[in-house]
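Values below: every heavy atom of this structure, side chains too, minus hydrogens, waters and symmetry copies. Naming: A, B, ... by sequence-line order, numbering from 1 per chain.
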Amino acid sequence: MQELNEQTEQRLKKLQELREIDLDPYKQTFNPEHRARDLIDSFSNHSKEELERQDIQVSVAGRIIALRDFGKASFAHIQDSTGKIQIYIKRDILAEDFSIVKKIDIGDQIGVKGRLFRTKTNELTIEVKNLVILTKCLYPLPEKWHGLKDIELRYRQRYLDLIVNPEVKEIFAKRSAIIKAIRDFLEAKDFIEVETPMMHLIPGGATARPFKTHHNALDIDLFLRIAPELYLKRLLVGGYEKVFEINKNFRNEGISTKHNPEFTMMEFYVAYKDYNFLMEFTEELITSVAMKVIGSLKIPYDDVVLDFTPPWNRIPMLEALIEAGVPESILNDSEMASTWAKQKGIDIPKDASLGKIIDEIFKEIVEPNLIQPTFIIDYPVELSPLAKKKPDNPQLVERFELFIAGREIANAFSELNDPIDQRQRFQKQVEAKMRGDEEAHEMDEDFVRALEYGMPPAAGEGIGIDRLVMLFTNSKSIRDVILFPLLKPERA
RNA sequence: GGGCCGUUAGCUCAGCUGGUAGAGCAGCUGACUCUUAAUCAGCGGGUCGGAGGUUCGAAUCCUCCACGGCUCACCA
């Protein structure tokens, strides 16, 4: 319990008084037969007179969010998961002792039964015959017309945010709809949904720093996964041809409006296909989600309108750089590239490979300008140790990233299935790690062994679900699409 | 981690160049049987984020700390 203030004391006193008359407000059950939104929708065409004639009995349960007391009658609005509806409690009609109405506070949850009618102002209202207090609320709710604005409180006490800010509920309803649409789409195409480990002996499948934990009985260190990729590909070896997983990844890195340490990723793999297939597939997937969830391919985000109408632009990474004004002559030489980047004020880590330098330049000068959906294709091989090389240019791999609103939304490639090449790429990563690159991949012998048994040619992709939800809900911060974003503890 | 900004009643916010802390909602008491930001009369409610410092005197100025926001760096 927080420090007792005057308001909580009042509420505790009412709670005690209710218990004294044998109405403990935490014990009853209640079976509402109706929900607020349904009632308002179903009876929108019923006039005042029709309602008087028909005597429609309903029951709803919900939280009191507004209360107007008139002495021998009261109006209130109660809110359930669907919306709110007005109730009218009149002493002459209420079956219970009217004095319990004085024990009700804003925030309490009640169940009511009674007759539908329309007030003078034509608002659909329940005339309460029976009333039961289901749960006492011991704190005052945030203020009725400004709501809860304090961002820190909204994240720390998301339950309060959800109670008083209806638009927040809509965001998470949309999040649920987006994930369902993705699942439906993939299942309709015969994908099988799987779950692979969250705890990895070797963190792999992405370049990122992991969280470390420990298994006591086995006395081994484990890492929370940074990606499911290497396990999903083992399933291709095992004979599945279409698999996907929607689940959390954990990366031990900074927190920002675009990053939460745990975030939701959808990864899927298709046998016998390459990254060209995946680009069309991605267009189909995301437009299908947009149509189902938003009902349009033109979606406002921040101060632009995102147009998802396919086909989306496909630009090779090097071309995108040249278009953005990077001299072609520096793109083959890490010395020159590094010098050019530094002149432009771009930080280049020492010992960076040419690919890494090019990537840094790309992130700085191209990425923020990729507003409309755009596939950037053909990445330097050093950046992509799990992707298949292009047959006509072994410096590049068959990989694309999808950018929307200046952010990476998806990452995909033709999967490297040559075990000898894979082993060499891991070895290069291990060397980079020895030189101090904390994010370089580790050798995963079992994964290489799986490839040695033979993985069919395949294409795979990861889509950042939180970021996709941000786009479809016009949210500027990832914290607005994650119910409980990570925050520091309240008190030291 | 760096920079900038913020933290005052349960909530939303005022509080000027330093002079004993304010409003609205919410709460309490009373009136009121169609209100919806109900209305009317009255009343209570504060460790001004925390700790130091300057000063006769600090919500206000200074230092440190905590938490948050934006941003840069790292990343998806």
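The partner of G24(B), taking Watson-Crick or G-U wobble pairs whose two distances both stay under 3.5 Å, is C11(B). Nucleotide C70(B) forms a Watson-Crick or G-U wobble pair with G3(B), both donor-acceptor distances falling under 3.5 Å. Pair check for C56(B) finds G19(B); Watson-Crick or G-U wobble, both atom distances under 3.5 Å. Applying the Watson-Crick and G-U wobble criteria (two distances, each under 3.5 Å), U29(B) pairs with A41(B). Shown here, A51(B) forms a base pair with U63(B); the pair counts as Watson-Crick or G-U wobble because both key distances fall under 3.5 Å.
Side chain Q86(A) to base U35(B): a donor-acceptor pair is found below 3.5 Å. Between the side chain of Q7(A) and the base of A26(B) there is at least one donor-acceptor pair of N/O atoms closer than 3.5 Å.
Put simply, the residue from K14(A), K136(A), K103(A) that forms a salt bridge (charged side-chain N to carboxylate O under 4.0 Å, His left out) with D108(A) is K136(A).
Here, C13(B) and U29(B) have their C1' atoms 27 Å apart, quoted to the whole Å. For the P atoms, the distance linking G46(B) with G1(B) amounts to 36 Å, nearest Å. Atom name C1', nucleotides A59(B) and G50(B): the rounded distance is 14 Å, in whole Å. Rounded to the nearest Å, the gap between the C1' atom of C40(B) and that of G19(B) is 37 Å. Rounded to a whole angstrom, the distance from the C1' atom of A76(B) to that of C67(B) is 26 Å. Between G10(B) and U47(B), the distance separating the two P atoms is 7 Å to the nearest Å. The P atoms of A23(B) and A66(B) are separated by 35 Å, rounded to the nearest whole Å. Nucleotides C25(B) and U20(B) place their C1' atoms 27 Å apart, quoted to the nearest Å.
No close placement of the Y269(A) and F191(A) rings is indicated, their centers lying 6.0 Å or farther apart. Taking the centre of each ring, F308(A) and F472(A) come in below the 6.0 Å mark. Note: F281(A) and F185(A) meet the aromatic proximity criterion, with ring centroids under 6.0 Å apart.
Within the 4.0 Å cut-off from OP1 or OP2 of A38(B), at least one side-chain nitrogen or oxygen of R68(A) is found. Within the structure, a side-chain polar atom (N or O) of K72(A) is placed less than 4.0 Å from OP1 or OP2 of U33(B). Neither OP1 nor OP2 of U71(B) sits under 4.0 Å from any side-chain N or O of S256(A). When the side-chain nitrogen and oxygen atoms of R154(A) are compared with OP1 and OP2 of C11(B), none of them lie within a distance under 4.0 Å. Contact annotation: K149(A) does not reach the phosphate of C11(B) (side-chain N/O to OP1 or OP2, under 4.0 Å). OP1 or OP2 of C28(B) lies within a sub-4.0 Å distance of a side-chain N or O belonging to K14(A). Regarding contacts with the backbone of G69(B), every side-chain N or O of K476(A) stays at 4.0 angstrom or more from both OP1 and OP2. One finds a side-chain N or O of T207(A) lying less than 4.0 angstrom from the OP1 or OP2 phosphate oxygen of A76(B). Between R479(A) and G69(B) there is a side-chain N or O to OP1 or OP2 distance below 4.0 Å. Contact annotation: K90(A) side-chain N/O to C34(B) OP1/OP2 distance is not under 4.0 Å.
In this structure, D55(A) places its CG atom where more than 12 heavy-atom neighbours from other residues, nucleotides or ligands lie under 6.0 Å away. Counting non-hydrogen atoms of neighbouring residues, nucleotides and ligands closer than 6.0 angstrom, the CZ atom of R35(A) reaches no more than 12 such neighbours.
One can place NZ of K488(A) at 13 Å from C1' of G69(B), the figure rounded to the nearest angstrom. Between K48(A) atom NZ and C34(B) atom P there is a gap of 12 Å when expressed in whole angstrom units. Following rounding to the nearest Å, E143(A) (CD) and A9(B) (P) show an atom-to-atom distance of 14 Å. Note: CG (D69(A)) to P (C40(B)) measures 15 Å, nearest angstrom. Taking atom CZ on F75(A) and atom P on A37(B), their separation rounds to 13 Å, with Å as the unit. For the pair D150(A) CG and G68(B) C1', the computed distance is 8 Å after rounding to whole Å. Atom pair E6(A):CD and A9(B):P shows a separation of 14 Å (rounding to whole Å applied). Rounded to an integer number of Å, the gap from CD of E367(A) to C1' of A73(B) is 15 Å.
Stacking between F263(A) and A76(B) is shown: the ring centroid lies under 5.5 Å from the centre of the six-membered base ring, and the planes differ by under 30°.
No donor-acceptor contact under 3.5 angstrom links the side chains of H34(A) and Q57(A), judged on distance only. The closest side-chain donor-acceptor pair between Y155(A) and D150(A), if any, does not fall under 3.5 angstrom.
Mapping L487(A) and E439(A) onto RNA chain B via the closest heavy atom, the residue that lands nearer the 5' end is L487(A). Between K102(A) and G147(A), the residue whose closest nucleotide on RNA chain B is further toward the 5' end is G147(A).
Of the listed nucleotides (A37(B), G10(B), U33(B)), U33(B) has the atom at the smallest distance from the side chain of D92(A).
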